[in-house]
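Everything on this sheet refers to the single structure shown next.
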Amino acid sequence: MSEVKPYNDDNESKKGEVRSMFNNIAPKYDLLNHLLSFGIDKLWRKRAIKTIEAIKPTHIIDVATGTGDFAIKAHDMLKCKVTGTDLSAGMLEVAKQKVADKGLSDMISLQEADSEQLPFGDNTFDAVTVAFGVRNYENLDKGLTEMARVIKPGARMVILEFSKPRVFPFKQIYTFYFKHILPMMGGAISHDKKAYEYLPQSVLAFPDGEEFEAHMKVAGIEPVERISQTFGIATIYVGEKR
């Protein structure tokens, strides 16, 4: 998998660039996320969370939690404690305000942390979730292995991530939108066009489908379900820790 970075600065790591990018776009992130996905990302999140309901978790971790939408919805649907982590302080500030506004600060805790070095003990959580975050990892295998480490044996890993549609003509229409319309609109609203040029580039470079499940296996996670969303725009990957 080739490394794709938002700003292509030879003197900065991918991790550093991703942190800077999300700090830059944090104030407009939610607006753009829902606008550019036509709001369907909310449905994808609900479907991803439903894959955890059967195990009745009491405490889950949401890695790359961003502005907290997934963490908040997970608590709402699962009625459990949620710990959210993210690399970007700017995104977490937005998330903390949302959590406080909903009076959920006692149930949802948020902290700045690197997905490849999580500050939690082994076998701590009942499940780990990531929505649209793993393709931003500097080292995918290290990030997945670290997430597997902090969940209990038999616990679930649920990952919602963009994928590449393969059905004609939706593939062609979507690719045009993703490469041309999205960067133009995202750049105009966020004033960071590079961030929204990076999005399609990162999706195209990401190993989706069976290739991604192979990475899950390397991390000690056994894939149990792969659920395609909206003609293949996104995929929900469900696995269990061996």
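Just so it is clear, the structure is predicted and the values come from calculations on it, not from any experiment.
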Just by distance, no angles: are the side chains of [X] and [Y] close enough, under 3.5 Å, to form a donor-acceptor pair?
X    : Y    : answer
S228 : T235 : no
Y7   : N24  : yes
T58  : D126 : yes
R19  : S88  : no
S20  : N23  : no

What is the minimum heavy-atom distance between [X] and [Y], and which atoms define it?
X    : Y    : answer
A148 : I221 : CB-CD1, 3.8 Å
A234 : S163 : C-OG, 3.3 Å
A113 : T85  : CB-CB, 3.9 Å
A48  : V158 : O-CG1, 3.6 Å
F132 : R135 : O-NH1, 3.5 Å
Q111 : P119 : NE2-CG, 3.5 Å

Test item: [X] side-chain N/O and [Y] main-chain N/O as donor-acceptor pair under 3.5 Å:
X    : Y    : answer
D86  : E112 : no
E197 : P183 : no
S202 : L199 : yes
K5   : Y198 : no
R47  : K42  : no
E116 : N139 : yes
Y137 : K142 : no
E17  : N8   : yes
K241 : I151 : yes

If we only count heavy atoms from C-beta on, is the [X] to [Y] side-chain gap below 4.5 Å?
X    : Y    : value
K171 : K164 : no
I181 : F176 : yes
V94  : P27  : no
T51  : I227 : yes
L110 : V99  : yes
I60  : C80  : yes
I236 : Q229 : yes
V134 : L140 : yes

Sidechain N-carboxylate O distance under 4.0 Å for [X], [Y]:
X    : Y    : value
K98  : D101 : no
E53  : K50  : yes
R156 : E240 : yes
D208 : R166 : yes
E222 : R242 : yes
D41  : R45  : yes

Going through the checks in order, is the side chain to side chain donor-acceptor pair (under 3.5 Å) test met by D30 and T67? CA-CA 7 Å; D30 283 339; T67 59; 2.6 Å; yes
V150 and side-chain contact (heavy atoms from CB on, under 4.5 Å): which single residue from T83, N123, L118 fits?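 Exactly one candidate clears the test, L118.
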Single-linkage hydrophobic cluster I40~L31, side-chain heavy atoms < 4.5 angstrom: yes
Shared hydrophobic cluster, I233 / L204 (ILVMFWY, side-chain heavy atoms < 4.5 Å): no
Classify the ring geometry of W44 against F162: parallel below 30°, tilted from 30° to 60°, perpendicular beyond 60°. perpendicular
Take F212 and F206 through the ring-ring contact (aromatic ring centres under 6.0 Å, His included) test and state the conclusion after the steps. CA-CA 8 Å; F212 179 68; F206 186 72; 5.3 Å; yes
Begin from the C-alpha positions of F38 and Y177 and carry the test ring-ring contact (aromatic ring centres under 6.0 Å, His included) through to its verdict. CA-CA 12 Å; F38 304 102; Y177 171 77; 5.8 Å; yes
Does anything in residues 64-122 form a ring-ring contact (aromatic ring centres under 6.0 Å, His included)? List the pairs, not counting sequence neighbours. F120-F125
